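One structure below.
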Amino acid sequence: MKWEVAGVAPDQITAEIWCDILFQEGFTAMIEPRDAISFMGVSALPCRVMVPEDMAEEARNILGGYIEPPE
């Protein structure tokens, strides 16, 4: 299965929430494993939310309401 970025959350907690939102909508979603690695616990760095390639566009539309446009 090929994965694609659906959105970039500002931190791991937000990424977990976005994954749950997508899960509730019937998507398979995960945080890019390299983004969530932190020896101090939860990562405060941006985390990519990944979905299967064929679901990426629809997932981006769902997350669109939760992602602030860049200034």
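Please read these numbers as outputs of a predicted model, since none were measured by experiment. Computed from heavy atoms alone, side chains included, the values below leave out hydrogens, waters and symmetry copies. Sequence positions, counted from 1, serve as the residue numbers for this chain.
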Specify the closest pair of heavy atoms between [X] and [Y], including all atoms of both residues, with the distance to one decimal.
X	Y	value
Ala36	Gln12	O-OE1, 3.5 Å
Ser43	Asp35	OG-O, 3.4 Å
Ala15	Ala9	N-CB, 3.4 Å

(message) Tell me if a side-chain donor or acceptor on Asp11 pairs with a main-chain N or O of Pro46 at a distance below 3.5 Å.
(response) no
(message) Please check this pair: side chain of Arg60 against backbone of Met55, looking for a donor-acceptor N/O pair closer than 3.5 Å.
(response) no
Measure the [atom1]-[atom2] distance between [X] and [Y] for me, rounded to the nearest 0.5 Å.
X	Y	atom1	atom2	value
Gln24	Asp20	CD	CG	5.0 Å
Ile21	Thr14	CD1	OG1	9.5 Å
Thr28	Met1	OG1	CE	6.0 Å
Leu63	Glu58	CG	CD	11.0 Å

(request) Following the transitive rule for hydrophobic clusters with a side-chain heavy-atom cut-off under 4.5 Å over Ile, Leu, Val, Met, Phe, Trp and Tyr, establish whether Ile13 and Val8 coincide in one cluster. (result) no
(message) I'd like to know if Val51 and Met30 are part of one continuous hydrophobic network [Ile/Leu/Val/Met/Phe/Trp/Tyr, side-chain heavy atoms within less than 4.5 Å].
(response) no
(request) Determine, step by step, whether Met50 and Val5 satisfy the side chain to side chain contact (heavy atoms under 4.5 Å, CB included) criterion, reporting the C-alpha distance in whole Å, the side-chain angles of both residues, the deciding distance to 0.1 Å, and the verdict. (result) CA-CA 5 Å; Met50 310 294 290; Val5 177; 3.5 Å; yes
(message) Does any part of the side chain of Ile31, heavy atoms only, come nearer than 4.5 Å to the side chain of Glu16, both counted from C-beta?
(response) yes
